[in-house]
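Below is one structure, written out as structure tokens; the observations come after it.
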Amino acid sequence: MDAIYRPEVIEPDAQQHWEEKQAFKASEDTSKPKYYCLSMFPYPSGKLHMGHVRNYTIGDVLARYHRMKGYNVLQPMGWDAFGLPAENAAIANDVAPAGWTYSNIEYMKKQLKSLGLAIDWSRELATCGPDYYRWEQWLFTKLFEKGVIYKKMATVNWDPVDHTVLANEQVIDGCGWRSGALVEKRDIPMYFFRITDYAEELLSELDNLPGWPERVKTMQRNWIGKSFGVEIHFPLQPEGKGDVLKVFTTRADTLFGVTYVAVAAEHPLAQQAAAHNPALAEFIAECKQGSVAEADMATMEKKGMDTGLKVYHPFTNEPVPVYVANYVLMGYGEGAVMAVPAHDERDFAFARKYCLPIKAVIKPTDAELSLPLEAAYTESGVLFDSGDFSGRTSDDAIEKIALVLKNLGLGERRTTFRLRDWGISRQRYWGCPIPIIHCPTCGDVPVPEDQLPVVLPEDVKIDVGSPIKKMPSFYQCTCPKCGGQAERETDTMDTFVESSWYYARYACPDLDSAMLDGRANYWLPVDQYIGGIEHAILHLLYARFFHKLMRDVGLVSTNEPFANLLTQGMVIAETYYREQPDGKKLWLNPADVETVDGVHVLKSDGKPVIAGGTEKMSKSKNNGVDPQAIIDKYGADTARLFMMFAAPPEQSLEWSDAGVEGAHRFLKRLWKAVHDHTQAGEVSAYSGGALGDGLTDLRRQLHQTIAKVTDDIERRKQFNTAIAAIMELMNAMAKVEGEDALTRSVKQEALEAIVLMLAPIVPHICRILIKALKPGACLVGSPWPAVDEAALVRDEIELMLQVNGKLRGKLKVAADAGKDAIEAAALVAPEAIRFMEGHPARKVVVVPGRLVNIVV
RNA sequence: GCCGGGAUGGCGGAAUCGGUAGACGCAGCGGAUUCAAAAUCCGCCGAGCCAAAACUCGUGGGGGUUCGAGUCCCCCUCCCGGCACCA
């Protein structure tokens, strides 16, 4: 081997070798346990960013580790290629979205290859390819026929100047990002997946996912939001005759505290009242302004207006005023809520603002409410001023009230979900066409299988709006049923649809006769899925839902797609800026800034810049560090090592140039250690014989390290501590002197294990090092090192000695010493006697293998 | 606003089941090597007191449980992720 570590030579060499040998090509093999390792596929935005490098390095370490452990490993890669950025780039650069996307894929693929990932590239797929989305369209038509997909009106952000639908991120402070016009809510027809039909299963199956982080499961549970409540009918006429206004509440116990009801602006009652009330009509129009995003709805000022209409309390028959409120959404429940200001914070604030009565009907079980209320009392408790129900507890009252309402025909128990059906229609061009034909006589007809795929034209020019909506050659067609003139649907699907099944298609990407075949059942479920925490709800819930849809049409046999999930944190970096004369901030890239005597200056002019805090790497703050620059300067192994060492995978990772240098230094030290060792001649790894104290200790540490690193990677998925343990072992080994054969054989054993343990993290350098240590050895195919239990045995251990919980000394005892012996030894230890100050021991706590605490 | 998470030296982080707080690395300081520098190697490195030892304090803030709390419970502050059309 070369005396000097040259990543620029060994890395391309290793990558070429693996590619020629097709070292990572996967095939179905029932003789080994399978391990399907999947990282979330990237959107081809142009070039790789650090978040990708982190994601794919974590996946690669797990894939390579399991390969060494004897698993049949599949690690594929592909492209989440449809989406909004391609349309924006197309407008900005006057190119077609398809061409832009394909050239990005080509460049990013080259970058991914330079990272040395153990990927089976023969399975690569891009969701914008007709051979991929064809099957998405096929499944759509099946689900449409089954009734799983249906059409209804839904509210979108409408830009009245550009005449386009806007994504939530394109609405800034209530205005369109390009036109600046005040955004309006508009109802348009859309296709929906009945995900609510699966709400119960999506919720209960979370309990069968022990390999998922608890926080992700909690977020999904809350998102699905199963709640047990009561549907209550407020008659529109006194004495309960005629039509009713339906509301849903989880707090039926507060029914006697209702002082008004609130309906959405779109509610029929509101519309009816507005017909003779210009002020109300104006208010309803105002409610239509602004975006549909829930965050905006929830933070805006709560406003309302009296409709003048009354409904009647189902029990007391008292009139209750009906308000229109901007915070009530037509899409939720019945589009109406009963308001109980005394026991709901939002209603309390609203009642104060509009001087509505506040009537308390619940009090704590063991105290009285101090009236008038200063704030809503939202706990459950005991009812009062509630007719026959007074004195009952909240839970009891809910049951009883539901029962009485049911007998009156004015309501019943109901379970509802917060989860709403999944609207997948997008009025955009760069997406998968929805395979529906609109026929004036037959209605919505799914495109027959032999006419699929409905191919998206790629040679287009785009400005504002989707080009296929203006392209008769695309939308003019004949009805498959009656043969008459018809029009093709021009909306495309939400890109979350493509990313909901790609993991299954990787099992059989070449299949052109069906969506999936038996290979999917061999590989699924994914054994380890890795991606950003930002996908905790939407993507992961949709993919789980889609898997169940595929199961129910017989395509897959499992219930869940991802057995284990790892959610990695963001990559963040320091930001720097200078104030411009106009007061705006000019953001400077960290690569152009250096720190001299604690002052941050721009390299080009040496003048100071201002540090703006550490934030997620982004274009807007110009704090992205280009992975390519790091790979070019230090090599992929250094980038990989730094990524894995700087933070545990689930936490955010702060970029640090100095830290990268440190990682590179470690690799140089490792290279030199192996080089110096092998220069002295070949030697076999230690296999037996008496050892002195120093070598016994080194072997013990070696095997402890193997045990720790194995546990860290496999169970804890915490690579930073695994690397730290290997560094400690290296430091300990460097302190062991001697060039005799026995010492060298123990060092050989240690170096072989170190190189193999580092191989999943820094595969290129380890490929050379293992060959140097064991001529003829091949990295791919080498097994993971085994722990020698005999080397772990010790005869004496050290316990911490505490007096009253404070550390006062250390105590050496035999490894097999019993509690009584430890206690006796502790009580006569000089440190113990000193700090007991003559008091007798009241209690002695012995924690085996850890410490002994004397309480006086 | 609602849901989920986080906060530990100058910095990134470690402490896995309630049991030595600060592993490992970075930065810094001192030394070796060198004509010199870079690189490399060795040592020191939470704060207070301080010559040192000893001791005291110390895990965002406030309270609690425990022989013992970074870790568990309650309250608060700040930061981050998601909120259904960014992916």
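What you see below is based on every heavy atom in this structure, not just the backbone, and it leaves out hydrogens, waters and symmetry mates. As the structure is a prediction and not an experimental result, all values here were calculated from the model. Naming: A, B, ... by sequence-line order, numbering from 1 per chain.
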_For the C1' atoms, the ones on B:A7 and on B:U20, what distance do you get once it is rounded to whole angstrom?_
24 Å
_Does the protein touch nucleotides 76-81 of chain B at the base, only the backbone, or not at all? Give it as B, S and - per nucleotide, heavy atoms under 4.0 Å._
----SB
*Separation between the C1' atoms of B:U65 and B:U71, rounded to whole Å*: 14 Å
*Residue closer to the 5' end of RNA chain B, A:Asp712 versus A:Ile723 (nearest nucleotide)*: A:Asp712
*Where protein sits on nucleotides 37-49 of chain B, one letter per nucleotide: B base, S sugar-phosphate only, - none, heavy atoms under 4.0 Å*: ---SS--------
*Expressed in angstrom and rounded to an integer, what is the separation of A:Gln220 atom CD from B:C2 atom P?*
22 Å
_Stepwise ring-ring contact (aromatic ring centres under 6.0 Å, His included) test for A:Tyr132 and A:Trp501_ = CA-CA 10 Å; A:Tyr132 181 82; A:Trp501 66 283; 4.2 Å; yes
*asked:* Rounding to an integer number of angstrom, what distance separates B:G48 and B:G10 when you compare their P atoms?
replied: 10 Å
_If I take atom CZ in residue A:Arg418 and atom C1' in nucleotide B:A84, what distance separates them, rounded to the nearest angstrom?_
8 Å
*Given the P atoms of B:U66 and B:G60, what is the spacing between them in whole Å?*
23 Å
*Please confirm whether A:Lys152 makes a cation-pi placement over A:Phe192, using NZ or CZ under 6.0 Å from the six-membered ring centre and within 45° of the ring normal.*
yes
*Kindly point out which of B:C24, B:G19, B:C3 is positioned nearest to the side chain of A:Glu728?*
B:C24
_Could you check, using the six-membered ring where one of them is a Trp, whether A:Phe666 and A:Trp671 have ring centers closer than 6.0 angstrom?_
no
_Centroid-centroid distance, A:Phe645 to A:Phe719, less than 6.0 Å_ = no
*asked:* Can you tell me whether the side chain of A:Asn853 and the base of B:C67 have a donor-acceptor pair closer than 3.5 Å?
replied: yes
*Using a distance-only test with no angle check, is there a side-chain donor-acceptor pair under 3.5 angstrom linking A:Trp79 and A:Asn104?*
no
_Of the options B:G1, B:A87, B:C24, whose atoms approach the side-chain atoms of A:Ala298 most closely?_
B:G1
*Donor-acceptor side-chain pairing of A:Ser291 and A:Asp296 below 3.5 angstrom*: yes
*Look at the side chain of A:Thr299 and decide which nucleotide, out of B:G19, B:C86, B:G1, has an atom nearest to it.*
B:G1
*From B:A84, B:G12, B:G19, pick the nucleotide closest to the side chain of A:Ala293?*
B:A84
*With C1' as the reference atom in both, quote the distance from B:A21 to B:G13 in angstrom, rounded to an integer.*
13 Å
*Give the rounded distance in Å between these two atoms: CZ of A:Phe645 and P of B:G12.*
14 Å
*Between A:Tyr56 and A:His52, how do the two ring planes meet: parallel, tilted or perpendicular, split at 30° and 60°?*
parallel
*Inspect the surroundings of CG in A:Asn222 and state if more than 12 heavy atoms from other residues, nucleotides or ligands are less than 6.0 Å away.*
yes
*Roughly how far apart, to the nearest Å, are B:G9 and B:G81 at atom P?*
22 Å
*Want to know the stems of RNA chain B: at least 3 consecutive Watson-Crick or G-U pairs with distances under 3.5 Å, which are they?*
B:1-7 with B:77-83, B:10-12 with B:24-26, B:28-32 with B:40-44, B:46-48 with B:55-57, B:60-64 with B:72-76
*Length of the CD-C1' vector between A:Glu169 and B:A87, whole Å*: 9 Å
*Using the P atom as the reference point in each nucleotide, state the distance between B:U56 and B:C74 in Å, no decimals.*
32 Å
*So, do A:Tyr5 and A:His664 have ring centers that fall under 6.0 Å from each other?*
yes
_B:U56 base / A:Lys806 side chain donor-acceptor hit below 3.5 Å_ = no
*So, A:Arg850 and A:Glu798, do they make that salt bridge, N to O below 4.0 Å?*
no
*For atom P, what is the distance between B:G28 and B:C79, given to the nearest Å?*
31 Å
*Kindly state whether the ring of A:Phe642 and the ring of A:Trp655 have centres lying under 6.0 angstrom apart.*
yes
*Nearest to the side chain of A:Leu84 - B:A14, B:A87, B:C67?*
B:A87
*asked:* Regarding B:G13, can its base be found pairing with the side chain of A:Glu654 as donor and acceptor, where the two atoms are less than 3.5 Å apart?
replied: no
